[in-house]
Amino acid sequence: MTERAGWQRTHTCGALRASDEGSQVVLNGWVAARRDHGGIYFLDLRDRYGVTQVVLAEEVAGDLKLAPEDVLCVRGTVRKREERNINPNRETGEVELVAESVEMLSGSKLPPFEIIDDLDTGVELRLKHRFLDLRRAPLQQNLVHRSRFINAMRRAFEAQDFVEVETPILTKATPEGARDYLVPSRVHPGEFYALPQSPQIFKQLLMVSGLDRYFQVARCFRDEDLRADRQPEFTQLDMEMSFVEEEDVFASWEQVLIDTFKDSMGYDVPTPIPRMPYKEAMERFGIDKPDLRFEMELVALDDWARASDFQVFSGAVEAGGRVMGLTVKEGGSLSRKEITALEDVVKTYGAKGLAFWKPALDGGAGPLARFVPEGGAQELMELLGATEGDLCLFVADPRERVVQRSLGELRVHLGKQLGLTEPSEFRFLWVTHFPLFEWDDEAGRWFSTHHPFTAPADWELGGGGFDLSDPDSPIGDQMSRSYDLVMNGWELGSGSVRIHRADVQQRVFEVLGIGEEEQRQKFGFLLDALSYGAPPHAGFAVGLDRLVALTLGMDNIRDVIAFPKTASATDLMCDAPSTVEAYQLEDVHIDVSARAKAALEEAQSSPEASS
RNA sequence: GGGGAUGUAGCUCAAUUGGUUAGAGUGCCGGCCUGUCACGCCGGAGGUUGCGGGUUCAAGUCCCGUCAUCCUCGCCA
């Protein structure tokens with residue numbers, strides 16, 4: 001056996017306590033701080049586990065030059081501090097290490113920012129030196145929490161007899177859904193793999209194989225524009241089970257959530273998790289992922305509006321649209337300026353304006369007041385659940401989705417602004433009964449609301465005979481057997497009962513405008529599999545980055561990911577994406593277009609490119 | 001693809017109506033200091049005001065373009 005090298009630590013920097021007094025120990029760690037008092041020199045040594053104060057006597061320090069972030073080996077004796085010198089803010093604060101020798105294991109240049117907990121520095125710099133950013137305790141704690149959370153989830157699935165199976169990363173492009181990341185084939189000139197947007201088809205095939213219960217911590221890739229809660233590559237807890245229906249999937253997940261939250265953070269998830277049909281969510285909250293931590297529900301005012309003298313309101317209803325409102329309790333004190341800011345919120349989502357009313361029995365105030373009929377204030381107040389001192393807000397539009405969406409987003413906005421959302425409370429909800437198809441005006445055809453493998457609520461699916469080029473076709477009324485899991489206004493994940501009959505699957509492809517030829521070419525293997533005894537099956541997937549971020553009270557997923565990308569999908573640390581050597585392109589049979597080449601040259605000739 | 005915000009010292013920011021040599025805090029370096037832990041005191045170094053162009057006697061400041069980052073609408077089965 002090899003002998004242990006003399007420099008290696010006997011303890012971590014978070015380990016020593018008063019009970020270790022007198023021990024001879026070796027610590028390894030980074031220089032976190034130095035305090036030179038002339039005759040005595042204090043040194044804070046840091047690692048993942050904590051910080052320990054090292055005391056260097058003049059004789060030991062000598063002319064040793066220490067810089068921040070140098071990596072050291074310190075040998076010495078643990079000493080209990082005198083009462084007045086104890087640092088109560090540190091776990092190791094009752095002791096200090098009296099150094100007998102200090103050895104530099106690795107020197108450090110001056111870092112571009114300080115390695116401190118409450119760093120106040122731009123994202124750009126932090127991402128460029130992510131290895132230094134990740135040296136900070138809060139970021140390390142995030143990653144540790146993520147690891148514990150995901151492993152607790154793994155244990156929970158294993159306890160239910162699920163089998164973790166890995167599926168391919170190099171796979172086939174899918175015609176529907178997000179833009180694919182493509183990988184050119186060297187062996188097959190002109191052909192491409194795609195990175196999976198999710199392991200969807202593979203997990204269904206595993207059900208056909210009889211694996212019965214599958215799960216995976218799966219990396220997924222979607223080449224779409226990013227957001228604070230969206231990265232081009234992200235992680236899902238993906239699962240699928242056979243011989244089940246909706247309620248079995250819900251039950252399985254509820255147990256997983258109970259186990260995971262309990263194990264990893266000691267939180268008791270309140271169960272059963274309530275269910276709400278999509279239609280109800282849209283009507284009451286204006287959104288398919290309602291935040292149930294506060295009330296302030298939307299109110300339908302269509303009948304009131306139809307009879308109103310206010311043209312904007314009555315006109316919207318006559319045009320087949322909606323008028324809805326919501327009441328901000330004690331919102332009457334909001335200034336005109338604040339209300340204008342709220343109007344900007346609804347305009348973002350397509351609303352033309354935001355009407356408001358400060359309710360009172362005498363008719364109230366605000367632009368809507370003159371349209372409240374004599375003596376009609378009480379009726380309107382009752383409709384809105386409003387009392388004097390409240391603020392009522394209204395949106396009217398010929399497009400129902402604009403009314404619901406804009407007021408729904410306004411409700412979320414107000415919830416945050418008024419401090420109605422308690423961050424340590426986790427309110428879950430299953431949203432069910434989504435429509436199977438949605439009409440896309442731009443493309444002029446139907447798209448799957450969830451995905452094309454989702455079972456229709458009615459297996460016969462109308463039996464055909466619909467005019468599929470008609471946006472008002474009753475195909476739009478078909479319900480699906482898909483469901484979302486929602487928490488605190490975030491969509492955590494979605495799933496569905498799947499189609500396990502080849503004929504139904506073909507019919508759905510037809511509605512989506514995927515002809516027989518294309519079906520064979522793109523999904524032949526799936527249709528084939530469905531014709532060899534496919535069990536009824538259903539599944540679900542949860543976005544882990546979002547869920548982990550939420551459990552830490554963060555609304556940006558960047559800091560629960562070790563090496564995240566920027567909003568333009570670049571990695572500032574390793575400078576990806578980047579150009580490759582000409583021979584590499586030749587190998588994979590790729591010609592870069594003249595336009596792309598010109599853009600590259602322009603970028604490289606500007607001084608900005610190298611900075 | 002659209003909208004908004006930001007870009008000044010290593011870092012966080014300031015700089016009046018366009019006007020002298022672009023400042024402060026912090027970090028860093030040097031000196032002093034034997035109980036600090038946000039140590040203290042003294043001194044010092046440190047700037048292509050993102051980049052390019054324009055207006056002007058004069059631009060960190062005004063105009064045009066461009067790049068980067070963040071937020072967001074569209075997009076994300």
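So you know, we letter chains A, B, ... as the sequences are listed, proteins then strands, and number each from 1. Keep in mind that the numbers below use all heavy atoms, side chains included, and drop hydrogens, waters and symmetry copies.
Looking at heavy-atom distances under 4.0 Å, P111(A) makes no contact with the nucleic acid at all. Backbone-only contact: K65(A) has heavy atoms under 4.0 Å from sugar-phosphate atoms and none from a base. Residue contacts for L125(A): at a heavy-atom cut-off of 4.0 Å it reaches the sugar-phosphate backbone alone, with no base atom in range. Within the nucleic acid shown, P112(A) comes within 4.0 Å of sugar-phosphate atoms alone, with no base atom in reach, counting heavy atoms only. Contacts of E114(A) with the nucleic acid, taken as non-hydrogen atoms under 4.0 Å apart, involve only primed sugar atoms and P, OP1 or OP2. No engagement by T454(A) is indicated, since no non-hydrogen atom pair under 4.0 Å with the nucleic acid exists.
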| query | Just by protein heavy atoms under 4.0 Å, how would nucleotides 69-76 of chain B read 5' to 3' in B, S and -? | reply | SSSSBBBB

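Summarising the geometry, the separation between CD on E69(A) and P on C28(B) is reported as 11 Å, rounded to the nearest angstrom. The separation between L119(A) atom CG and U26(B) atom C1' is 12 Å, rounded to whole Å. Nucleotide G10(B) holds its P atom 17 Å from the CG atom of D120(A), rounded to whole Å. In this structure, D118(A) places its CG atom 14 Å from C1' of G27(B), rounding to the nearest Å. Whole-Å rounding puts the K128(A) NZ to G10(B) C1' distance at 13 Å. One atom, CD of E83(A), and another, P of G35(B), lie 18 Å apart when rounded to the nearest Å. With rounding to whole Å, Y41(A) atom OH is found 14 Å from C37(B) atom C1'. D223(A) places its CG atom 12 Å from the P atom of G1(B), with the value rounded to the nearest Å.
Closest approach of F540(A) to K203(A), counting heavy atoms only: O-NZ, 3.5 Å.
Pairing partner, G25(B): C11(B), with both Watson-Crick or wobble hydrogen-bond distances short of 3.5 Å. G19(B) and C57(B) make up a base pair, with Watson-Crick or G-U wobble contacts both under 3.5 Å. Base pairing of C41(B) is made with G31(B), judged by Watson-Crick or G-U wobble geometry with both donor-acceptor distances under 3.5 Å. In this structure U6(B) sits in a base pair with A68(B), meeting the Watson-Crick or G-U test at under 3.5 Å.
If G39(A) and N85(A) are placed on RNA chain B by their nearest nucleotide, the residue sitting closer to the 5' end is G39(A).
Rounded to a whole angstrom, the distance from the P atom of G3(B) to that of G19(B) is 31 Å. For the P atom pair drawn from U17(B) and G4(B), the interatomic distance equals 24 Å after rounding to whole Å. The P atoms of A9(B) and A14(B) are separated by 12 Å, rounded to the nearest whole Å. Comparing U16(B) with U6(B), their P atoms are spaced 16 Å from each other, to the whole Å. Distance check on atom C1': G18(B) versus U61(B) gives 6 Å, rounded to whole Å. Atom name P, nucleotides C63(B) and G23(B): the rounded distance is 25 Å, in whole Å. A24(B) sits 15 Å from C42(B) when the P atoms are compared, rounded to a whole Å. When the C1' atom is compared between C29(B) and U34(B), the two are found 24 Å apart, to the nearest whole Å.
Cation-pi geometry between R230(A) and F234(A) is not met at under 6.0 angstrom from the ring centre and within 45 degrees of the axis.
Between the side chain of E58(A) and the base of U34(B) there is no donor-acceptor pair of N/O atoms closer than 3.5 Å. Evaluation of atom-type donor-acceptor distances gives a pair under 3.5 Å for the side chain of R81(A) against the base of U36(B).
For the pair D180(A) and R222(A), the salt-bridge criterion is not met [side-chain N within less than 4.0 Å of a carboxylate O].
Among residues two or more places apart in sequence or in another chain, the side chain to side chain donor-acceptor pair (under 3.5 Å) test is passed with R135(A) by E69(A). For R84(A), the side chain to side chain donor-acceptor pair (under 3.5 Å) partners two or more places apart in sequence, or in a different chain, are E82(A). Under the rule for a side chain to side chain donor-acceptor pair (under 3.5 Å), the partners of E246(A) that lie at least two apart in sequence or sit in another chain are R481(A). Take E124(A) and apply the side chain to side chain donor-acceptor pair (under 3.5 Å) test, not counting sequence neighbours, and it matches no residue.
Distance check: L72(A) CG to W30(A) CH2 gives 10.5 Å after rounding to the nearest 0.5 Å.
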Just the table, please: protein N/O against nucleotides 38-41 of chain B N/O, every pair under 3.5 Å.
residue, atom, partner, partner atom, Å
C39(B), N3, H37(A), NE2, 3.4
C39(B), N4, D36(A), O, 2.6

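Residues E100(A) and T77(A) bring a donor and an acceptor atom of their side chains to less than 3.5 Å of each other.
Annotation: ring-ring contact (aromatic ring centres under 6.0 Å, His included) contacts involving residues 39-71 of chain A, sequence neighbours excluded, comprise H37(A)-F42(A).
Applying the 5.5 angstrom centroid cut-off and the 30 degree plane-angle cut-off, the aromatic ring of F42(A) is stacked upon the base of U36(B).
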Atom pairs and distances, side-chain donor-acceptor, residues 558-575 of chain A, under 3.5 Å, sequence neighbours left out:
residue, atom, partner, partner atom, Å
D559(A), OD1, R126(A), NH2, 3.3
D559(A), OD1, R130(A), NH1, 3.3
D559(A), OD1, R130(A), NH2, 3.3
D559(A), OD2, R126(A), NH2, 3.0
K565(A), NZ, E233(A), OE2, 2.8
T566(A), OG1, S568(A), N, 3.3
T566(A), OG1, S568(A), OG, 3.3
T566(A), OG1, T570(A), N, 3.3
T566(A), OG1, T570(A), OG1, 2.8
D571(A), OD1, M573(A), N, 2.9
D571(A), OD1, C574(A), N, 3.2

Residues 109-121 of chain A side chain polar contacts: donor-acceptor under 3.5 Å, at least two apart:
none

